[in-house]
Amino acid sequence: MVQIIDGKLVSSQIKEELREETARLKAAGIDICLAVVQVGNDPASTVYVNNKKKACAFVGIESRAFELPESAAEIELLNLVEQLNTDPSVNGILVQLPLPPHINEDKIIRAISPDKDVDGFHPVNVGRLWIGEQGFLSCTPAGIVQLLKRSGIEIAGKECVIIGRSNIVGKPMAALLLREHGTVTVAHSRTENLKEVARRADILIVAIGKKKFIQSEYIKDGAVVIDVGMHRDENGRLCGDVDFEDVKDKVSAITPVPGGVGPMTIAMLMNNCVETVRR
């Protein structure tokens, strides 16, 4: 019978563990503060920011909100980031993406101190990940590793195929699976014979950004499938990059959408915030 990997359950376990840890830290006089910066009022960004604030409140992390208007100049945001970099009471900085078109996202990411970069996007933290040094891990890939481990799925020695090569998911996912001793292939929209490549996978991680793109012919019997996609289907219901109904009888384990990878991203952001004081 197929194992449905419950991201809500695993993320709640992690947040409960973090809540206990922050309570012990508070008792020792150590507080944790996350600064959340939002530029403009994009509805999806506002939902994400509110979810992060709720998670902070649950875990016991102070969240400070900084809201700039859509018209804010790039230099204004850079000055705010620098102010937060030098504020000793702020442990982590999160600038909600996407930013308005007139602001260079890469410049903002690079402006955040690597030691406060709880998203794990700064090139220094990306480099630390690839050479095996301690640093902040990109939250979605780190959450996927936790989903696999806490669901009793062995990574070491397994053939792992990632479909998608973004800086946020695909590339850091490859580094983390290598760290866990998986054998890793990164495929993408330009990969030749993509179905054949995908069918080699013991663990298939799909982050290609195309609604219900992966059908059963891409899946090896008994594979584990992790779906990172998030879309609306023709009926307005949430769905992923994987056609869940088409593949579910062929896999040994799969993440649903919603309720799979999504909740893990915020849980691992909270973990990164606590990591700022573990060191």
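Remember, it's a predicted structure, so these values are computed and weren't measured experimentally.
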More than 12 foreign heavy atoms under 6.0 Å from CZ of Arg190: is that the case here?
no
Under 3.5 Å, is there a donor-acceptor pair between the Arg165 and Ser189 side chains?
no
Distance check, rounded to the nearest 0.5 Å: Glu275 atom CD versus Gln134 atom CD?
5.5 Å
Validation row: Leu80, Val37 side chains within 4.5 angstrom (heavy atoms):
yes
Are the side chain of Lys26 and the backbone of Gly60 linked by a donor-acceptor contact shorter than 3.5 Å?
yes
Above 12 or not: heavy atoms from other molecules or residues under 6.0 Å from NE2 of His188?
yes
Test side chain to side chain contact (heavy atoms under 4.5 Å, CB included) applied to Glu76 and Leu68, Val39, Val81, the passing residue
Leu68
Taking atom NZ of Lys8 as the centre, does the number of heavy atoms from other residues, nucleotides or ligands within less than 6.0 Å exceed 12?
no
Mind checking whether Met173 and Val145 have side chains closer than 4.5 Å, heavy atoms only?
yes
Can you establish whether the number of heavy atoms outside Asn50 located under 6.0 Å from its atom CG is more than 12?
yes
Looking only at side-chain N and O atoms, does Thr46 offer a donor or acceptor that is under 3.5 Å from a partner on Gln38?
yes
Is there a path of hydrophobic side-chain contacts, each under 4.5 Å between heavy atoms of I, L, V, M, F, W or Y residues, that connects Leu9 with Val257?
no
Measure from the ring center of Phe213 to the ring center of Tyr218 and say whether it is less than 6.0 Å.
yes
More than 12 heavy atoms of other residues, nucleotides or ligands under 6.0 Å from CD of Glu234: is that the case?
yes
Quick one, Lys116 and Asn91 - any side-chain contact, counting heavy atoms below 4.5 Å?
no
Can you tell me if Asp119 uses its side chain to pair, donor with acceptor, with the backbone of Leu94 under 3.5 Å?
no
Under 3.5 Å side-chain donor-acceptor pair for Lys195 and Gln215:
no
With no hydrogens and no angle check, is any side-chain donor or acceptor of Thr255 less than 3.5 Å from a backbone partner on Ile226?
no
Lys54 atom NZ, over 12 foreign heavy atoms within 6.0 Å:
no
More than 12 non-hydrogen atoms from neighbouring residues, nucleotides or ligands closer than 6.0 Å to CZ on Arg110, yes or no?
no
